[in-house]
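The first residue of the sequence shown is numbered 1, and numbering continues consecutively from there.
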Amino acid sequence: MRDFLLNFRTPREQYTHIKGFGNDSFIGRFENLQQDFDTVCDRIGIPRQKLPHRNKTKHKHYTEYYDDETIQIVAEKFSKDIDQFGYEFGE
């Protein structure tokens, strides 16, 4: 995993996609997909709908795939996203 993370190249961090959005903009999070989708439905005035969950897989909590070194690599590569969106390892 370490080699993958060191060689991983992303064209743009996620925070770059929100530059220029106004203060009244809403940024949903995948971790809260249904709840945030409900918020969007409410804001645009359409009925809420239950989102389907397809292709569900079983796996360990993501924290179990990282060691101290890989945590640091991700923290450095995605520091702006982590700060912008308030992420913390283990949440």
Side-chain angles (χ1 to χ4, degrees):
M1 180 176 213
R2 176 189 176 280
D3 291 336
F4 171 78
L5 290 171
L6 287 173
N7 293 313
F8 181 73
R9 299 198 197 295
T10 181
R12 301 173 77 183
E13 290 87 357
Q14 295 302 305
Y15 81 93
T16 62
H17 296 285
I18 63 168
K19 286 182 179 179
F21 281 69
N23 290 338
D24 62 340
S25 297
F26 176 77
I27 299 169
R29 293 172 73 144
F30 187 79
E31 306 88 273
N32 308 319
L33 187 59
Q34 183 64 60
Q35 179 183 349
D36 290 350
F37 181 73
D38 291 346
T39 298
V40 171
C41 290
D42 294 347
R43 282 183 157 206
I44 63 174
I46 63 172
R48 292 180 176 187
Q49 304 175 52
K50 176 100 170 115
L51 296 173
H53 191 166
R54 297 191 174 113
N55 299 324
K56 188 173 183 175
T57 60
K58 291 184 178 183
H59 53 81
K60 298 176 188 176
H61 192 268
Y62 78 90
T63 57
E64 294 188 42
Y65 297 99
Y66 291 84
D67 59 19
D68 291 340
E69 182 180 22
T70 54
I71 291 169
Q72 188 60 37
I73 292 168
V74 171
E76 289 173 8
K77 280 191 167 282
F78 298 99
S79 63
K80 290 180 181 176
D81 282 351
I82 292 167
D83 291 340
Q84 178 69 43
F85 298 110
Y87 286 112
E88 291 184 23
F89 185 76
E91 284 189 4

Novice: Quick check: do Phe85 and Glu31 have side-chain heavy atoms less than 4.5 Å from each other?
Specialist: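 Phe85 does not reach Glu31 side chain to side chain.
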
Novice: Any chance the side chains of Asp42 and Thr39 put a donor and an acceptor closer than 3.5 Å?
Specialist: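 On atom types as modelled, these side chains do not qualify, holding no pair under 3.5 Å.
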
Novice: Counting neighbours of CG on Asp68 that are heavy atoms of other residues, nucleotides or ligands and sit closer than 6.0 Å, is the number greater than 12?
Specialist: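 Not more than 12 within 6.0 Å, no.
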
Novice: Same cluster or not: Ile27 versus Phe30, using hydrophobic residues (I, L, V, M, F, W, Y) connected whenever any side-chain heavy atoms lie under 4.5 Å apart?
Specialist: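 Ile27 and Phe30: separate clusters.
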
Novice: Determine yes or no for a side-chain-to-main-chain donor-acceptor pair under 3.5 angstrom, with Tyr65 supplying the side chain and Lys60 the backbone.
Specialist: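 Present.
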
Novice: With a 4.5 Å limit on heavy-atom distance, are the side chains of Asp81 and Tyr87 in contact?
Specialist: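 A side-chain contact under 4.5 Å is absent here.
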
Novice: Can you tell me how far CD of Gln35 sits from CZ of Arg29, rounded to the nearest 0.5 angstrom?
Specialist: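 Those atoms lie 11.0 Å apart.
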
Novice: Given the rule that I, L, V, M, F, W and Y join up when any side-chain heavy atoms are under 4.5 Å apart, are Ile71 and Tyr62 in one cluster?
Specialist: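 As far as the 4.5 Å side-chain criterion goes, Tyr62 and Ile71 are connected within one cluster.
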
Novice: Just verifying a value: how many Å separate Asp38 CG and Lys50 NZ, rounded to the nearest 0.5 Å?
Specialist: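 Separation between the atoms: 9.0 Å.
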
Novice: Short question: side chain of Gln34, backbone of Leu51 - any donor-acceptor pair under 3.5 Å?
Specialist: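 Yes: the side chain of Gln34 pairs with the backbone of Leu51.
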
Novice: Looking at CD1 of Ile82 and NZ of Lys77, how far apart are the two atoms once the value is rounded to the nearest 0.5 Å?
Specialist: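 If we round to the nearest 0.5 Å, Ile82:CD1 and Lys77:NZ are 12.0 Å apart.
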
Novice: Can you give me the closest heavy-atom contact between Pro47 and Cys41, atom names plus distance?
Specialist: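 Taking every non-hydrogen atom into account, O-SG, 3.9 Å.
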
